[in-house]
Amino acid sequence: MEFSLQSSRLWEEVVEQTKLAKEKGIDPLLWALQVSSSLGTSGIALPSTELAHVLVNYICWDNNIPILWKFLDKALMMKIIPPLLVIALLSQRVIPSRRSHPAAYRLYLELLKRHAFAFKCQINGLDYQEVMESIDATLHLSEIFDLQTTEPAILVVEFIFSIVWQLLDASLDDEGLLELTEEKVSRWAIKPQEMEIDGHDMYDEKNIVYCERLQNFNTTMAIEIIGQFLQNKATSRILYLARRNMSSHWVSFIQSLQLLGANSAALKNSKVLTSEALQELTSDSRIFLSRECKTSSRQKFHAVMAFGSLASSVSLCPGASRSDLWLPLDMVLEDAMDGYLVNTTSAVEIITGLTKTLQAINGTNWHDTFLGLWIASLRLVQRERDPIEGPMPRLDTRLCMLLSIMTLVVADLIEEEEGAPTDETEYGSTNHWKEMKFPRKRRADLVSSLQVLGDYQGLLAPPKFVVSAANQAAAKAMLFVSGINVGSAYFECVNIKDMPFSCSGNLRHLIIEACIARNLLDTSAYYWPGYVNGRINQLPYSVPAQAPGWASFMKGAPLTSVMSNALVSSPASSLAELEKIFEIAVNGSEDEKISAATILCGASLIRGWNIQEYTVKFITRLMSPPVPADFTGSDSHLIDYAPMLNVLIVGIASVDCVQIFSLHGLVPQLACSLMPICEVFGSCVPNLSWTLPSGEEISPHAVFSNAFALLLKLWRFNHPPIEHGVGDVPTVGSQLTPEYLLLVRNSHLLSSENTHKDRNKRRLSEVASSSSPEPVFLDSFPKLKVWYRQHQRCIAATLSGLVHGTTVHQTVDRLLNMMFRKINKGSQSITSVTSGSSSSSGAGIEDNSLKPELPAWDILEAVPYVVDAALTACAHGKLSPRELATGLKDLADFLPASLATIVSYFSAEVSRCVWKPVVMNGMDWPSPAANLSNVEEHIKKILAATGVDVPRLSAGGSSPATLPLPLAAFVSVTITYKIDKASERFLNLAGPALESLAADCPWPCMPIVASLWTQKAKRWFDFLVFSASRTVFLHNSDAIVQLLKSCFTATLGLNIAPISSNGGVGALLGHGFGSHFCGGLSPVAPGILYLRVYRSIRDIVFITEEVVSLLMHSVREIACSGLPKQKIDKLKRSKNGMKYGQVSLAAAMTRVKLAASLAASLVWLSGGHGLVQSLIKETLPSWFISVHRSDRDQGSGLVAMLGGYALAYFTVLCGAFAWGVDSSSSASKRRPKILGSHMEFLASALDGKISLGCDGATWHAYVSGFVSLMVGCTPNWVLEVDVDVLRRLSKGLRQWNEEELALALLGIGGVGTMGAAAELLIEHFDS
C-alpha cells in the first residue's frame, strides 16, 4: 500500500513537472531529460509503461496542445516510453475523435509513420513481455482475434494487424463506405462513445473549411500509411502471418481493403499510392512471407527442382517427355489392370488423391494436370490395344478406366472447386483468397486440355473394336453442327460405314461424349476447330419406324426376345434408359426380370462408358432384393429371386466385369450382397430347380456355386491368413478377408452423413444404404463363417478332426463313393487309408443315387477330408493319377463350389512340403516335354530386357520333370476343364490359385505347369509363358534387384536397352506384352514385369533398402553421364553451380526427379502405407547414420548434393502417395505420428544429438530439400508437426544460413510458430 502511494505521488509529480514545463515553454528535449532523470532517481525502469499511460491521459483531451505532442514525441525518441504502447493508447483515444480533433489525428499519423515500423529495439527490450501485455489489455487483442496466448511476438502480429485494420475502418467510415462492408460496422473503436460537442480549444479548427481540408488530408494520409504497412519488408510479412493464422479475420479485412481501393475518393488525391497499386498490394501474388533473404542453397534448389508446366519441363532434358511428370499415375493405372488385384478402394478415390498429390508436388496448373490425366489413360489403352488371350483383364477394363473412371475423377476435381464453401467460417485453407479470386477455373482448364488433346493423334487412334463407337460419336457431332437433330434411333438403324460422308472418329470423340454425359462439357465442344470433318445438308437415310433398340423401347415397345437381344448387344445411352430397365427388373414378370438382368449385364455394363457408374449401381442393388411386403414364407425371400440372381451373378463373373466393379469401388458392397445369397442357397437341399427362358435348368447348388465362386474372387482366399507385414501396418493383401470387405462396406454407411463434399463417397454411400441401411457382419452368415474358419484352419495346420460316425464322416464316405464308384466295385474302399474311416457301402449303385442330396455347406465341410483321402490313396498306390484327377473333376462337376475347397487344401499341402514329387512322364502323369524347351526360350526372350539369367529347366534333358503331388493333382484336374464360357468363371477362380501354388514350389514347377496348360489351351500360350516368367523373380532375390535396376536404367535412359534408349514412361512400361511384335513374343518392359511380380514377393521389406541404393546409384550415373569432367570441375569451383552449365545441371536435376519419382512409386505400390512407414521411420534414419563409402569420382560434391535432393523428393513423394497432401483421406490420420518421428530425427541431428555418417553435402541438401517441399507443396503437413520440433529445425536451418527457409517453415507452422516467425522477420527486415 505504501509502495502504491509512493508510485501515485511520483506520477503526480511528473504531471506537475510537465504542466510547469508547458507553462514555461521549456524545450521538449530538456523536459525529457528532466523526467528521465527523476524517474531514474526513483528507481523506475525505462521505458516506462506507466509513464506512457500518464502522458496519453494527460494530453487526451484536456491538454491537447502542440507542445505536449512535442513532449510526447521527444519522450519516444529518448526511449523513456515504449512506442508500441503509446501507439496503442493513442489509437484508442485519437481515432474515435479524429473528426473533432483532426489535428491530433494528423499528429497521431505522423507518430505512426515515425515509430510503428521500428520493432527490433522494442522486442529486444527487457520489458518486451510487459509492454505487449499492456497493449493486449488496451486493445483487447486476444479477445477480438480469439487467440488465447500471452506470447509477446504473437501479440506483435495482432497489434500490427489491428492498427492497419483500425486505419482501414476509419478511412472507410470517413468516406461513407463502411456501411457497404458485410459487417456494416467496425469491430474497432473508430467512433466516439459519447456525443462530441463543438467548442474545444482548437488551434485553427474553428475554421470549418480548414478542418474539412485537414480531415480529407488525414484520410489520404491514413490510406498511404496502410500502403506503407503492406509495402514494408517487415510489416507486410507479419501481415502474411495474420493471413495464414487468422483466416476468417483476414477475409473480412481484405474485402474491406478492396472496397476501399475500388471506391476511395481520397486515394485519388494521393501522390504516392494509386488505386491500382493498392489493389496489387492486396493480391495473392503480393502477399508473401520471405524474399531477399540470405540463403545458401534453396534458390538453386528451386531453380532446378521446379518442373513448372508440362511444356517447360520437356525443354530441360532431351530424353524427357510430358508424360514423365505423371509416371506414378501411369504405374498406378497399369497396376490396376492386374487381373489378380481386386481393390476395395474405388479407383476414382485413388486416382483423385494421386492427381492432387502430383499437381501439388509438380506445381502444375490444372490445364496441364487434366492433360496429364488424359495422356496417361490414353497410354494405358494404347499399351494393350491388341491384347493377348488369357484369363486376364482385356481392353474393356482399360477403356473403363479412360472413359468412365477418368471422367469421374475429373468431375470430382471440378466439383471440389465449384462446391467449395463460400462462407469464410468453413474455410481453414491458406489458399482461401486464391480460391475466391479464381473461381470455377478448373472447368475452363478442362476445356483447354481437351482442345489441346486433339494434337496427340498417335494416342487417339481407337482400337479395332471401338472404331465404330468412335465414328458414331464423330457422326453425332457432325450432324449436330449441321443443324440436323437425330436421336439414338438413327444410329441404331444405320451403319456408319454406309454413310456417304467421312465420319472418322477417335478416342477424343469418346472422351468428349463421356464428359458431356456427366455435364462437364456442353455441345459447344462440337464446334471446336477440327473436331468434325465438315457439314451435311440432309440425312442420307431415314429411320425405320419399329427397329428394335433403345429408342423404340423407350417409346413403349414391349421387351420381346428380339428387343432383349438388341438391348443386350447395344449399350444404353442415358440414365433414363437404365432406370426403365431397372424398374422392369424390380417390378416386371419373372421372364421380364430375367431379361432386364441380362440387359444390364450386357453391353451397358461393358461398353456403356457414359453411364457405367449407374449400371454397376443398379446391378448391385438387384443383388440385394428387398423382402416383398406380402412375403409370408418360412424360407428366405431370396429363393424366389433365384433365376434373376443367377443371371446377374453369371453375367458379372468375367474377369473384365469383376475389374469394372473393382474400379468403381463396389467390391465391398458386391461381397455383402453375395454373402446372404451363398448363405441361403448353400443351406438348401437340392430338391428345387428353376427353368430359365433359355431352357437351362438350374438348382440351388448351381446358384450357390456361381455366387460362391464370385465371392471368393473378391479376396485372396487361397493365401495364408497372416501374410508378410511391415511395421505395425499389415499389407493390403492380408486385409482382403470377408471381415475386411464388410468393414469397408459398413464404413460407407457410417460416413454417409459426412459425404456431401465428396462426390465419390456419396455414390458408394447411396449404393450401400440402398441394399441395407444397417451394418452387416460375418456373424450374420453362420454357415459361411463356419466354412471360412475351417478354411483358415486348413491353411494354418494339417487336417484333423474327422470323427467316426459323425454326419461329416458319413458325407465323406458318400462323396468318395460317388467319385470312385468304379474302383470301389472290386476292391477295398479308398477311405480305409484314412484314420477312423470305414469301408464304403452301396457299391454298384446307379450314378444319380450316389450323388448325396445334401446342402452345399454340408458338402463343403466334408470336401477337405475327401481330397485328403483321395490324395493319400494316390500316394500309397491305391489310386492312379488318372483316377484321382477324374474323381476330383467329378466332385467339382457335382458341386462346382467345391473347387474352392480343393484349392484351399492343395495350397496348404504344397506349403507343408510333406508330399513326395511325382514324375510327369506322360504315363502316370501328363508330360510337359512336348513344349518345355519352347517355353524356356520364350521366357528368356520375355526377360531379355532385364538382364536376368533364366535357370535351366532341365540339365541336358536327363532330369525328368517333377511336381509335388498336390500340385500335380491340381494341374491334372484343371486341364480337364474345357475353355468355354461355362467353365470360365471357375477357371478364373482356379487359375490364380494354380499359378500362386506353382510359384511357391521350387523352380521349374511353374514352367512345367505352363507347358502342360499350353498343350491344353494353345491360344493362351503367350499368357501362360508370361506367367511362368514371373516366377523367375520369386525364387531369387538377386533377380528382383536386377529387375529393379532395369526399371531405373530403362526409365532414365542410362544405356541402350532393347526396348528404348530414350527413357521415360515409354521405356519403363513399353507396350505391355504379347506376340504381336516382330513375329513373336517381344521383351517385356521391366516396369510391366515388376507390376506383375511384386504382389508375390514375400519379403517385401528389403525392397526399400534396394530402392534407396538404386536411387543413389542412379544419381551418380546421371551426374557422371550428363556432365563432362570439365564442366563438373567448373561447377565445383563456381560459387553457384548454376552459373556454368545451367542447362546441363537443370537436365540432370530433371532426371534426378524422374528417378526419385520412380523410386517412390515402386515403394508405395510394393508395400503401401506399411512400407512407406518402414522407409521413413527405419530405413532413412539408418541410411543417414551409416557411413557410405561412395566412389570419390569427379564431381562427388555435385553427386552428394544431387543425392540429397533426390532423397528429399523421394521421401516427400512416398509420404504424399501414402497420406495425401491434405487431410481428406483416412490414411492421413497416420501421418502426424510417422512424420513427427522423422521431423524429430531431423531436428535432433541438427541439434547435434545424433551423429551422422553420410556426406555433409547430402545431409544439407536433404534437409533443405525436404523442408522446402513441405513448405511449398504440403503445408498441411507442417501444421501437424510439434511446435518445438519446428523451432529447433528453424534454428538449425539458420545456422546453415538458410534464413529464408527457416522463416518459411515457421510462417506456415500455425499459431504455435507465428511468434517465432514474427521475431525472425523483425530480426532480418527491420532496419
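- Distance check: Trp787 CH2 to Ser904 OG gives 6.0 Å after rounding to the nearest 0.5 Å.
- Formation of a donor-acceptor pair under 3.5 Å by the Ser1174 side chain with backbone atoms of Gly1170 is not found in this model.
- For the pair Ala653 and Leu710, the tightest heavy-atom approach, listed with the atom from each and the gap, is CA-CD1, 4.2 Å.
- For the atom pair Leu645 CG and Ile677 CD1, the distance stands at 4.5 Å (nearest 0.5 Å).
- Contact between Pro951 and Glu936 at its shortest, heavy atoms only, is O-OE2, 4.3 Å.
- In this structure, Lys1016 NZ and Thr974 OG1 are separated by 9.0 Å, a value rounded to the nearest 0.5 Å.
- Closest heavy-atom contact between Ala1028 and Met1006: CA-CG, 3.6 Å.
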Go through it in stages, so that I can follow the logic: the residues are Val658 and Leu714, the test is side chain to side chain contact (heavy atoms under 4.5 Å, CB included), and I'd like the CA-CA distance, side-chain angles, deciding distance and then a yes or no.
CA-CA 8 Å; Val658 172; Leu714 306 184; 4.2 Å; yes
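- When ring centroids are compared, Tyr865 and His809 stay outside the 6.0 Å threshold.
- Inter-residue side-chain proximity for Asp1099 and Ser1037 is flagged as unmet; no heavy-atom pair is nearer than 4.5 Å.
- Tyr1094 and Ser1166 make their closest contact through CD1-CA, 3.6 Å (heavy atoms, listed as atom of the first residue, atom of the second, distance).
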- [ ] Could you walk me through whether Thr620 and Ser673 pass side chain to side chain contact (heavy atoms under 4.5 Å, CB included), step by step?
- [x] CA-CA 7 Å; Thr620 307; Ser673 299; 4.2 Å; yes
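- The shortest side-chain heavy-atom distance between Glu909 and Val914 falls under the 4.5 Å cut-off.
- Here the side chains of Trp1003 and Val1032 are in contact, with some heavy-atom distance below 4.5 Å.
- Side-chain contact of Arg793 with Gln790: a donor-acceptor pair under 3.5 Å is absent, judged by distance alone.
- With Ser662 contributing its side chain and Asn343 its backbone, the two residues share a donor-acceptor pair below 3.5 Å.
- Listed by chain and residue number, nothing satisfies the salt bridge (Lys or Arg N to Asp or Glu O under 4.0 Å) test with Asp656 (two or more places apart in sequence, or in another chain).
- Looking at every heavy atom in both residues, Asn921 comes nearest to Ser927 through C-CB, 3.8 Å.
- Looking at every heavy atom in both residues, Leu963 comes nearest to Leu1012 through CD1-CD1, 4.4 Å.
- Of the possible donor and acceptor atoms, one in the side chain of Arg821 sits under 3.5 Å from a partner among the backbone N and O of Met818.
- In summary, the side chains of Asp858 and Thr811 do not present any donor paired with an acceptor at a separation below 3.5 Å, with no hydrogens or angles considered.
- The aromatic rings of Phe708 and Phe704 sit parallel to each other, their planes meeting at less than 30°, with 60° as the upper class boundary.
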Determine, stepwise, if the pair Arg1095 / Asp335 fulfils salt bridge (Lys or Arg N to Asp or Glu O under 4.0 Å). CA-CA 11 Å; Arg1095 285 188 182 84; Asp335 184 58; 2.8 Å; yes
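- Of the inter-residue distances, the one linking His701 atom NE2 with Ser689 atom OG reads 13.0 Å to the nearest 0.5 angstrom.
- Residues meeting the side chain to side chain contact (heavy atoms under 4.5 Å, CB included) test with Cys684, sequence neighbours left out: Ile639, Pro700.
- The backbone N or O of Glu679 lies less than 3.5 Å from a partner atom in the side chain of Ser683, making a donor-acceptor pair.
- Residues meeting the side chain to side chain contact (heavy atoms under 4.5 Å, CB included) test with Ser911, sequence neighbours left out: none.
- Listed by chain and residue number, Asn646, Asn706, Arg985 satisfy the side chain to side chain contact (heavy atoms under 4.5 Å, CB included) test with Val650 (two or more places apart in sequence, or in another chain).
- Side-chain contact between Leu891 and Ile902: present, with at least one pair of heavy atoms (C-beta onward) separated by less than 4.5 Å.
- A distance of 11.5 Å separates CG in Leu674 from CZ in Phe681, rounded to the nearest 0.5 Å.
- Every residue was checked against the side-chain hydrogen bond (donor to acceptor under 3.5 Å, both in side chains) condition with Ser705, not counting sequence neighbours, and none meets it.
- Atom CZ of Arg882 has 12 or fewer heavy atoms from other residues, nucleotides or ligands within 6.0 Å.
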Exercise for the section: Give the C-alpha distance, both sets of side-chain angles, the deciding distance and a yes or no for side chain to side chain contact (heavy atoms under 4.5 Å, CB included) between Phe906 and Leu871. Expected result: CA-CA 10 Å; Phe906 282 148; Leu871 199 64; 4.0 Å; yes
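- By the side chain to side chain contact (heavy atoms under 4.5 Å, CB included) test, Val647 pairs with Ile594, Ala597, Thr598, sequence neighbours left out.
- Taking 4.5 Å as the limit, some side-chain heavy atom of Leu742 sits within range of a side-chain heavy atom of Cys672.
- Here the side chain of Asn746 pairs a donor or acceptor atom with the backbone of Val776 at under 3.5 angstrom.
- Put simply, the side chain of Thr886 does not reach to within 4.5 Å of the side chain of Lys889, judged on heavy atoms.
- Leu884 places none of its side-chain heavy atoms less than 4.5 Å from the side chain of Ser972.
- In this structure, the side chains of Leu967 and Cys1005 come closer than 4.5 Å at one or more pairs of heavy atoms.
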Begin from the C-alpha positions of Arg814 and Leu854 and carry the test side chain to side chain contact (heavy atoms under 4.5 Å, CB included) through to its verdict.
-> CA-CA 10 Å; Arg814 295 176 66 182; Leu854 296 172; 4.1 Å; yes
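- Aromatic ring centroids of Trp857 and Phe781 lie 6.0 Å or more apart.
- In this structure, CD in Gln659 is found 10.5 Å from NZ in Lys713, a value given to the nearest 0.5 Å.
- Between the side chain of Glu883 and the main chain of Ser880, a donor-acceptor pair closer than 3.5 Å is present.
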